[in-house]
Amino acid sequence: MRRRLYLMRHAEVSYFDAEGRPVDPAQVPLNEDGVAQATAAARAFADVELDRVVTSGLPRTLETAAIVAPVHAAESWPELRELEGGRLSEIPADALREEFVHAFRGVIPNETRFLRGESIGELFDRVLPALERLAGADDWNTTLAVLHGAVNRSILSYALTGERMFLGHFEQAPACVNVLDLGEDHEWIVRAVNVAAYDLLHLSHRQTTMERYWEQYRANAG
């Protein structure tokens, strides 16, 4: 039998406070919409028997996991933290929109740096060993992993290609779930991608996550 990995993105957060000031991404909690999204996901998981719950250890993943799988003690795997960007203030103004909005466009080379911070290759360097460690453990049949948009893209891309190839067009809505099965030969099968329990047909908007974040950044940066 194949084992199952439910690969989830954390629910929605606000990267700017009520006064428009940026919030530390390492500490940002779920906002009101995020709590509702995670609660919808919890209803979808109500009859799923989980053996393990894995998070990156960042508050937004821990909080999402606590809502979705409240009876499980969530594990913290810091190597599965989100792809880290550089300082936006150090990116030339005439290049900022292009680098921000198109950060996840197409097949992204390993040497490309996300907003001039961490590279895609460096992301693979820490995510893939963690994925192999999880795959090699024999103490689970069904695992929920609550992680991040870019991390999920790297796992989905690797599951499909078997290579360090980053497919940027895997959109990841807040609190979405991806369904992957793992065979005895450690071969991955991708069964579902970007399933949002609160918006199954993605009717709420047609923007990417980075497009929405860019609008928020512009609004709060004046």
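Numbering starts at 1 and runs along the sequence shown. Computed from a prediction, not measured in an experiment: that's the story for all the values here.
- The distance from the CG atom of L160 to the CD1 atom of I155 is 12.5 Å, given to the nearest 0.5 Å.
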Inset, instruction - Could you walk me through whether H10 and E82 pass side-chain contact (heavy atoms from CB on, under 4.5 Å), step by step? - result: CA-CA 11 Å; H10 64 81; E82 181 59 302; 5.7 Å; no
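- A donor-acceptor pair under 3.5 Å is formed between the side chain of H202 and the backbone N or O of N194.
- Heavy atoms only, all atoms of each residue included: M8 and A41 are closest at CE-CB, 3.6 Å.
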Inset, instruction - Applying side-chain contact (heavy atoms from CB on, under 4.5 Å), run through Y6 and V179 and close with a yes or a no. - result: CA-CA 5 Å; Y6 290 105; V179 184; 4.0 Å; yes
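- By the neighbour-count criterion of 12 heavy atoms within 6.0 Å, atom CD of E132 is densely surrounded, having more than that number from other residues, nucleotides or ligands.
- When all heavy atoms of W140 and A135 are compared, the pair lying nearest together is CZ2-CA, 4.5 Å.
- By the 4.5 Å heavy-atom criterion applied to side chains, T61 and H148 are counted as neighbours.
- Inter-residue side-chain proximity for F166 and L123 is flagged as met; some heavy-atom pair is nearer than 4.5 Å.
- One N or O on the side chain of T55 and one on the backbone of G57 form a donor-acceptor pair closer than 3.5 Å.
- When each of R4, R2, R3 is tested with D181 by the rule salt bridge (Lys or Arg N to Asp or Glu O under 4.0 Å), just one qualifies, namely R4.
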Legend entry - salt bridge (Lys or Arg N to Asp or Glu O under 4.0 Å) evaluation trace for E171 with R153: CA-CA 8 Å; E171 183 57 24; R153 286 177 171 91; 3.3 Å; yes
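- Linking ILVMFWY side-chain heavy atoms closer than 4.5 Å, directly or via other members, places V23 and Y217 in a single hydrophobic cluster.
- Expressed to the nearest 0.5 Å, how far CG of L180 lies from OH of Y158 amounts to 12.5 Å.
- At most 12 non-hydrogen atoms from other residues, nucleotides or ligands lie less than 6.0 angstrom from CG of D138.
- Counting only residues at least two apart or on different chains, the salt bridge (Lys or Arg N to Asp or Glu O under 4.0 Å) pairs with a member in residues 62-77 are R52-E75.
- For N178 and Q172, the side-chain atoms include at least one donor-acceptor pair closer than 3.5 Å.
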Pairs of donor and acceptor atoms involving the side chains of residues 99-113, under 3.5 Å and at least two apart or interchain, shall be tabulated with distances.
from : atom 1 : to   : atom 2 : distance (Å)
E99  : OE1    : R116 : NE     : 3.2
E99  : OE2    : R116 : NE     : 3.1
E99  : OE2    : R116 : NH2    : 2.5
H102 : ND1    : E98  : OE1    : 3.1
H102 : ND1    : E98  : OE2    : 2.7
H102 : NE2    : R105 : NH1    : 3.2
H102 : NE2    : R105 : NH2    : 3.3
N110 : OD1    : R164 : NE     : 3.4
N110 : OD1    : R164 : NH2    : 3.3
N110 : ND2    : R164 : O      : 2.8
T112 : OG1    : P109 : O      : 3.4
R113 : NH1    : G117 : O      : 2.9
R113 : NH1    : E122 : OE1    : 3.2

Inset, instruction - Please report the C-alpha distance between Y198 and T39 in whole Å, then the side-chain angles of each, then the deciding distance to 0.1 Å, and finally whether the side-chain contact (heavy atoms from CB on, under 4.5 Å) criterion is met. - result: CA-CA 9 Å; Y198 57 93; T39 301; over 6 Å; no
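- For E79, the side-chain contact (heavy atoms from CB on, under 4.5 Å) test picks out W77, R126, A130, R133, with sequence neighbours left out.
- In the hydrophobic clustering of this structure, L7 groups with L80; members are Ile, Leu, Val, Met, Phe, Trp, Tyr whose side-chain heavy atoms approach within less than 4.5 Å, directly or through other members.
- Rounding to the nearest 0.5 angstrom, the gap separating the CG atom in N152 from the SG atom in C176 is 6.5 Å.
- For the pair L134/L5, a side-chain contact is recorded, criterion being any heavy-atom separation below 4.5 Å from C-beta on.
- Here the side chains of L131 and W188 are in contact, with some heavy-atom distance below 4.5 Å.
- Residue I120 holds its CD1 atom at 8.0 Å from OG of S154, rounded to the nearest 0.5 Å.
- Between A11 and G34, the shortest heavy-atom distance links the atoms CB-O, 3.1 Å.
- Minimum interatomic distance between A197 and A44 (heavy atoms only, all atoms of both residues): CB-CB, 4.4 Å.
- Taking CZ of R81 as the start and CD of E118 as the end, the distance is 6.0 Å to the nearest 0.5 Å.
- F170 is listed as a side-chain neighbour of V193, based on a closest heavy-atom distance under 4.5 Å.
- How far CG of L115 is from CG of L83: 8.0 Å, rounded to the nearest 0.5 Å.
- In the hydrophobic clustering of this structure, L147 groups with V127; members are Ile, Leu, Val, Met, Phe, Trp, Tyr whose side-chain heavy atoms approach within less than 4.5 Å, directly or through other members.
- In the hydrophobic cluster analysis, where Ile, Leu, Val, Met, Phe, Trp and Tyr join through side-chain heavy atoms closer than 4.5 angstrom, Y15 is grouped together with F114.
- Residues L50 and L182 do not share a hydrophobic cluster, defined by chaining ILVMFWY side chains whose heavy atoms lie under 4.5 Å apart.
- At a threshold of 4.5 Å between non-hydrogen side-chain atoms, the residues W214 and E211 do not count as touching.
- Contact of the L62 side chain with the S76 side chain is registered, since non-hydrogen atoms from C-beta on lie closer than 4.5 Å.
- Counting heavy atoms from C-beta on, the side chains of V53 and V68 never come closer than 4.5 Å.
- Heavy atoms from other residues, nucleotides or ligands lying under 6.0 Å from CG of D47 number 12 at most.
- The shortest heavy-atom contact between A65 and V146 is CB-CG2, 4.0 Å.
- Residues V190 and A159 share a closest heavy-atom pair of CG2-CB, 3.9 Å.
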Legend entry - Intermediate values then yes/no, side-chain contact (heavy atoms from CB on, under 4.5 Å), L30 and I67: CA-CA 11 Å; L30 300 188; I67 295 172; 4.1 Å; yes
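- Put simply, the side chain of N220 never gets that close to the backbone of F16: no donor and acceptor are under 3.5 Å apart.
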